[in-house]
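Chain letters run A, B, ... following the sequence lines, proteins first and then strands; every chain starts at 1.
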4 protein chains.
Amino acid sequence: MASKGVNKVILVGNLGQDPEVRCTTNGNAVANLSIATSESWKDQQGQFQERTEWHRLTMYRRLAEVAGEYLRKGSQIYVEGKLQTRKWQDQQGQDRYTTEIIVDSMQMLGGREQSGGQSAPAGNQPQRGKPPASNGYQQARNGQQGNNQPIAEPDFDFDQDIPF
Amino acid sequence: MASKGVNKVILVGNLGQDPEVRCTTNGNAVANLSIATSESWKDQQGQFQERTEWHRLTMYRRLAEVAGEYLRKGSQIYVEGKLQTRKWQDQQGQDRYTTEIIVDSMQMLGGREQSGGQSAPAGNQPQRGKPPASNGYQQARNGQQGNNQPIAEPDFDFDQDIPF
Amino acid sequence: MASKGVNKVILVGNLGQDPEVRCTTNGNAVANLSIATSESWKDQQGQFQERTEWHRLTMYRRLAEVAGEYLRKGSQIYVEGKLQTRKWQDQQGQDRYTTEIIVDSMQMLGGREQSGGQSAPAGNQPQRGKPPASNGYQQARNGQQGNNQPIAEPDFDFDQDIPF
Amino acid sequence: MASKGVNKVILVGNLGQDPEVRCTTNGNAVANLSIATSESWKDQQGQFQERTEWHRLTMYRRLAEVAGEYLRKGSQIYVEGKLQTRKWQDQQGQDRYTTEIIVDSMQMLGGREQSGGQSAPAGNQPQRGKPPASNGYQQARNGQQGNNQPIAEPDFDFDQDIPF
DNA sequence: TTTT
DNA sequence: TTTT
């Protein structure tokens, strides 16, 4: 509802794998996605270099459902969200930290046949008896809230997450 | 020089402490800063909640020098940059990951007396025989390169970094 | 509610004058502000050049009220919004176009005494029996809607607007 | 080289027509493009509404050449740039203003067959004896300059432009 | 660790 | 018309 400062991330990239979608105990969907961005340049020796960066995304509610229904490995998306670093304990009981992008809004890019399709439907998406839209123009936003709004998800057990 | 995708972060926040500025063995400055953003909301019980997010920033070259000269604990800045996750080994030899924002451009905010001043000059800033500017309107960008360009810093030993 | 594409503007600048706040016939506040950004460079003759860009902002509802209460000529703000070009007729009946930024979210910058104060209270702000806050840390967002959502303002007579 | 404030626009949209590319008298390319973004919503009567916004883009140098070679009507792009309003006189000698986005960086979206192709090659693109790339992953940035840098183009006759 |  |  109120913010001090600005915490904004804008990414355009392709999914490294199908989204993982789960439900919280109170019935809200949560999706985890990873997308890649990369850059390439010539180094001082004139050699071509490339660096790929992987970004871990988290989506909630309607956005998570849309991701589960329409996104697949290879899908290209635009996302806007905020950075969030959460603390967890590894098996040795050590504190560890993972930084994720909590997504506020998402756009599927490329239209037409580009998104979805090839990869087999993952078992964890909410099934709704509808095939994925054949055109990629879907947009989604978490319904009842503006950007940057914290989402209370007290019953979601992040401790069980595999570190990214 | 070329990118596939977009990797962009925009932050406005206040420094949690004075910048740490070092030099690489080839004489380039590197600065580490941490800035806070926060958001507050009423939870379902009507209780006021606040969450502060800390962001680790890395600046290079001229931008790092400017940070060392003009920024202090409490300074409010706007930064634009990209996400980068680097791998390092902890003392047990375990792989760990830290996500940082590599800053492409920075703006000091608030003007007037706001930035610098109160906190004692840290010993690690490049001294140039000039006092910090009394006004905060400084802007900086890494001179010879556009945004999103990878910066080769092969001689900088990140492994010695204390994890964020 | 749904978007095709992304239409996003991010500005940090200072108000050229006090905000103008009006009410629509159904009681919603509308504010118009103009803010400046500038850039400077050396031209090929080594001469220092500066260019100032003026941006026309429009805010609605709660955001407009906050602007009227807390912002003054000279205030530094961060805004996020979208571009919108509206058509109007000049006195010769010619079509003309004005591009504005419809603001989704706003942050006052600089803290402390920076905002408000010096300039006399304009007569057109909603009076609420409270003086402007002495500190600038206020943030606002249009309450019941997310970003990028069109705001139906059918009863607001834009045709009477003075061109920017 | 230096900025006061931030002036940033981020758009994802589709070209309404092929880019128009020209050369300045000193041999630099300049491209004009228009791209659409749109949003749709249900109004208070439950009727579906849609609003399309058209954005006028200007690109210089290498970016303009890339646009001329690879972009066509319908191409989907991501652009980042800054707002600039320029003044011109209409045939009655009246001052008029046009707001454009001066593009700093561009990404072609959608990959594969999506971009280029169908529409006949416009006569005004620099011909280079190469067919358009069959895959859309091209990125471009104005070589020798960072973002937000003013580009001196004193010999380009904007007065002859048809108003947007 | 900041800021209000 | 701002700001430095």
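At the heavy-atom level, C:S38 lies nowhere under 4.0 Å from the strands shown. Looking at heavy-atom distances under 4.0 Å, B:T37 makes no contact with the nucleic acid at all.
On a pure distance criterion of 3.5 Å, a polar donor-acceptor pair joins the side chain of C:T52 and the base of F:dT2.
Note: CG (C:L11) to P (F:dT1) measures 21 Å, nearest angstrom. As a whole-Å value, the separation of B:E50 CD from E:dT1 C1' is 14 Å. Regarding B:L109, its CG atom lies at a distance of 16 Å from the P atom of F:dT3, rounded to whole Å. Atom NZ of D:K4 and atom C1' of F:dT1 are 14 Å apart (whole Å). Rounded to an integer number of Å, the gap from CZ of C:R56 to P of F:dT2 is 17 Å. One can place NE2 of B:H55 at 13 Å from C1' of E:dT3, the figure rounded to the nearest angstrom. As a whole-Å value, the separation of C:Q17 CD from F:dT3 P is 12 Å. For the pair D:Y97 OH and F:dT1 P, the interatomic distance rounds to 12 Å; values are reported in whole Å.
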Requested in this report: Check the pair C:T37 / C:H55 against side-chain hydrogen bond (donor to acceptor under 3.5 Å, both in side chains), numbers first and verdict last.
Outcome: CA-CA 8 Å; C:T37 57; C:H55 309 273; 2.9 Å; yes
Requested in this report: Might you work through the side chain to side chain contact (heavy atoms under 4.5 Å, CB included) test for D:K4 and C:E50, ending with a clear yes or no?
Outcome: CA-CA 10 Å; D:K4 255 171 356 196; C:E50 182 169 33; 3.6 Å; yes
Query - Derivation of the side-chain hydrogen bond (donor to acceptor under 3.5 Å, both in side chains) call for C:W54 and D:T85 - result: CA-CA 8 Å; C:W54 286 97; D:T85 298; over 6 Å; no
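Residues satisfying the side chain to side chain donor-acceptor pair (under 3.5 Å) criterion with C:Q92, sequence neighbours excluded, are D:Q94.
Stacking between C:W54 and F:dT1 is shown: the ring centroid lies under 5.5 Å from the centre of the six-membered base ring, and the planes differ by under 30°.
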